[in-house]
Amino acid sequence: MLNDNSEETSRNNANSNQKSNIGIVFWISAVIILIAVIFAVVVPDRFETGSEAVYGWIANYFSWFFMLAVFGFGVFLLFLAISPYGRIKLGGDQSKPEFSFRSWIGMLFSAGLGVGLVFFGVAEPMTHYMISPFYNGETESIEAARMAMGYSFFHWGISQWSIFGVAGLAIGYTQFRKQKDGLVSTALEPLMGSEYDIKTRNTIDILAVIATVTGMATSVGLGILQMDGGLSIAYGIPSGPMTQIILTALMTGLFILSTTTGLKRGIKWLSNLNMLLAAVITIFVLAVGPFTFIMESIIVGLGDYLSNYVGYSLRMEPYSGETWVQEWTVFYWAWVIAWSPFIGSFVARVSKGRTIREYVLGILIIPPMLSFIWIGALGGTAIYSDLFNGTNIGALVLEDDTAALFALYDQLPMTQLLSALSILLIFTFLVTSADSATFIVAGMTSGDTEAPATRLKIIWGVLIGVLTVTLIIAGGLTSLQAASLLAGLPFGIVLIAMIFSVSKSLRREPNDALRRKTRKERK
């Protein structure tokens, strides 16, 4: 806490000014989202056409920005981890972590891209196996299989988590080290000045809210589409808008139940359940699948990922005119950037008391490694099945990528049980993500980032559900991708500003905060 009375008074005045403008952030954000929903419902064809145009324009003209920015995020965080700044805590010098290491990792993984990983864990490597990431590259061969695994690891590795890491570091440092609120606008104070105008603050927070909601809608949409396809394939339940609406309504209902229990009970319990379900499915596939092939493909994929990290991070295709990078890597980075206000705020919230080094290494190593194991087990088994057993999982994925996971299960024993566990896993991932996201958005629009009102969380949860359904019905995956790109572009600039902001603050830290602690002091 600040001890100086004048500083305390100044902070209280700033908080009072902020709270007087809470209505503006909430209402403008909500109105913009509702306008998008109404437009999608009233003129779905024009909405789909517009979505495709927006997607194409941003992908064509700003791909270089996404590629360069995300590579820079990873370099920045790794520098902090190995520098003396890594000893600084996200909290007071004597603060301790609020959550156990296992629960911390579970919440990072579940609130991160758990839904996306389940969706793309089989679909992505199989798509790359069937359609090469490189012009005139090999397909449906041993070399194509290796390339598919290496590139899938790249998309789910350090780069993705460095985006979350930058947002979480800036917000967590300001919130817990400097004892201020957890708003994105507040995290920019060291760069913009503590008294920068309220209109700019509100604009930044509104942008953060819209980015979070659209990013969340994209992930929920992917999960709903996959559950819809899985229920149809495994259990013959009719696929279509009605099933998608029912699934979204059920998710919203369970989210409301979860959100009333608070962060330490609802989200923590669901996160642990997600980790357990994911572990059961992975272990089962390892046990009944080609175990040696899976483990060797993970090792080779990891080696290919590390050796190609810089090349893939800065890969563009200006000479050939190919659009593969825009369709895959740029979409991923824009989608993750759109998530970053939410994930960053949530990661900051659950990382209180950890050092910057522990925070950075934790999010850049453990969740990516868990992702590699999932992709290696399920995606590797699917590739093995097509490569050596002559199955047609790849062809089914190209026809309908929502069916990828369940097409794999058709080749394994206990198909019905695996399908049921996976549908449950997707569902609990969705509930956890919605719970986490609305916790953060409610804080952004109320100024209370520690314990936002349940009523406000429910309102935002319903808005996310409605936006998800309308995006799916209006344009499917294209609309979801366009929403992520549209939100990700401006917030990518905010993330760069966050780097400069937190760097400026770290340089002002007293020398005592940077010195190496003795073993006795660490106890």
Enquirer: Got a salt bridge between Glu98 and Arg349, using NZ or NE/NH1/NH2 to carboxylate O under 4.0 Å?
Expert: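 Counted as a salt bridge, because a side-chain N and a carboxylate O are separated by less than 4.0 Å.
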
Enquirer: Is there a donor-acceptor pair under 3.5 Å between the side chain of Ser501 and the backbone N or O of Ala187?
Expert: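 Here the side-chain-to-backbone pair exists.
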
Enquirer: Would you call Glu189-Lys504 a salt bridge at under 4.0 Å N-O?
Expert: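 Salt bridge between Glu189 and Lys504, a charged N being under 4.0 Å from a carboxylate O: no.
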
Enquirer: Would you check if the side chain of Thr186 reaches a backbone N or O of Gly182 as a donor-acceptor pair within less than 3.5 Å?
Expert: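 No, the answer is negative, given that no donor and acceptor are paired below the 3.5 Å cut-off.
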
Enquirer: Do any N or O atoms from the side chain of Gln175 and from the backbone of Ala348 form a donor-acceptor pair under 3.5 angstrom?
Expert: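 Checked: no pair found.
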
Enquirer: Which value, rounded to the nearest 0.5 Å, describes the distance between Leu188 atom CG and Ile171 atom CD1?
Expert: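 One gets 9.0 Å once the value is rounded to the nearest 0.5 Å.
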
Enquirer: Taking Tyr85 for the side chain and Phe79 for the main chain, is one N or O donor matched with an acceptor at less than 3.5 Å?
Expert: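 No; zero donor-acceptor contacts below 3.5 Å.
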
Enquirer: Go through it in stages, so that I can follow the logic: the residues are Leu463 and Leu34, the test is side-chain contact (heavy atoms from CB on, under 4.5 Å), and I'd like the CA-CA distance, side-chain angles, deciding distance and then a yes or no.
Expert: CA-CA 8 Å; Leu463 283 175; Leu34 285 173; 3.6 Å; yes

Enquirer: side-chain contact (heavy atoms from CB on, under 4.5 Å), that's the test. Do Leu169 and Leu90 meet it? Break it down for me.
Expert: CA-CA 8 Å; Leu169 176 64; Leu90 299 180; 4.0 Å; yes

Enquirer: For the atom pair CG (Leu207) and CG (Asn202), what is the distance rounded to the nearest 0.5 Å?
Expert: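 Those atoms lie 12.5 Å apart.
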
Enquirer: State whether the side chain of Arg177 and the backbone N or O of Gly91 hold a donor-acceptor pair below 3.5 Å, judged by distance alone.
Expert: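 Here the side-chain-to-backbone pair exists.
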
Enquirer: Using a 4.5 Å cut-off on heavy atoms from C-beta on, say whether the side chain of Ser340 contacts that of Phe491.
Expert: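 The answer is yes, as the side chains (C-beta and beyond) meet within the 4.5 Å cut-off.
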
Enquirer: Do the side chain of Thr355 and the main chain of Glu358 share a donor and acceptor less than 3.5 angstrom apart?
Expert: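 Yes, because the side chain of Thr355 sits within donor-acceptor range (under 3.5 Å) of the backbone of Glu358.
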
Enquirer: Test side-chain contact (heavy atoms from CB on, under 4.5 Å) on Tyr173 and Ser505 and set out the steps.
Expert: CA-CA 9 Å; Tyr173 178 85; Ser505 289; 3.3 Å; yes

Enquirer: Check whether Ser307 reaches the backbone of Asp304 with its side chain - one donor and one acceptor, N or O, closer than 3.5 Å.
Expert: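 At least one qualifying donor-acceptor pair exists.
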
Enquirer: Determine whether Phe429 and Leu117 make a side-chain contact, defined as any pair of heavy atoms from C-beta on separated by less than 4.5 Å.
Expert: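 Of all side-chain heavy-atom pairs linking Leu117 with Phe429, none is under 4.5 Å.
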
Enquirer: Under the ring-ring contact (aromatic ring centres under 6.0 Å, His included) rule, what do Phe26 and Trp460 come out as? Steps first, then yes or no, please.
Expert: CA-CA 10 Å; Phe26 173 81; Trp460 281 113; 5.5 Å; yes

Enquirer: Measuring only between side-chain heavy atoms, which start at C-beta, is Phe154 closer than 4.5 Å to Asn308?
Expert: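 Side chain of Phe154 against side chain of Asn308, heavy atoms only: no contact under 4.5 Å found.
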
Enquirer: When you compare the side chain of Phe66 with that of Thr329, does any pair of heavy atoms fall below 4.5 Å?
Expert: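 Answer no - side chains too far apart.
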
Enquirer: Identify the two heavy atoms, one from Met316 and one from Trp64, that lie closest to each other, and give their separation to 0.1 Å.
Expert: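 Residues Met316 and Trp64, closest heavy atoms: CE-N, 3.8 Å.
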
Enquirer: Does the Ser83 side chain pair with the main chain of Leu80, one donor and one acceptor, at a distance under 3.5 Å?
Expert: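 Yes, Ser83 side chain to Leu80 backbone: donor-acceptor pair under 3.5 Å.
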
Enquirer: Looking at residues at least two apart in the chain, or sitting in another chain, which of them share a side-chain contact (heavy atoms from CB on, under 4.5 Å) with Leu276?
Expert: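 If we apply the side-chain contact (heavy atoms from CB on, under 4.5 Å) test to Leu276, skipping adjacent residues, the hits are Val280.
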
Enquirer: Quick one, Ile224 with Leu430, criterion side-chain contact (heavy atoms from CB on, under 4.5 Å). Give me CA distance, side-chain angles, the key distance, then yes/no.
Expert: CA-CA 9 Å; Ile224 295 297; Leu430 289 178; 3.9 Å; yes

Enquirer: Would a 4.5 Å heavy-atom cut-off, applied to side chains only, mark Trp156 and Trp161 as touching?
Expert: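 Trp156 does not reach Trp161 side chain to side chain.
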
Enquirer: Spell out, as yes or no, whether a donor-acceptor pair under 3.5 Å connects the side chain of Arg201 to the backbone of Tyr196.
Expert: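 Judged by distance alone, yes, a pair lies under 3.5 Å.
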
Enquirer: Among Trp324, Tyr332, Phe120, Tyr309, find the residue that satisfies the ring-ring contact (aromatic ring centres under 6.0 Å, His included) test when tested with Tyr151.
Expert: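 The passing option is Trp324.
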
Enquirer: I need the minimum non-hydrogen distance between Ile298 and Gly376, along with the two atoms involved.
Expert: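 Of all heavy-atom pairs spanning Ile298 and Gly376, the closest is CG1-CA, 3.7 Å.
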
Enquirer: Is there a donor-acceptor pair closer than 3.5 Å between any side-chain N or O of Glu124 and the backbone N or O of Gly121?
Expert: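 A pair under 3.5 Å: no.
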
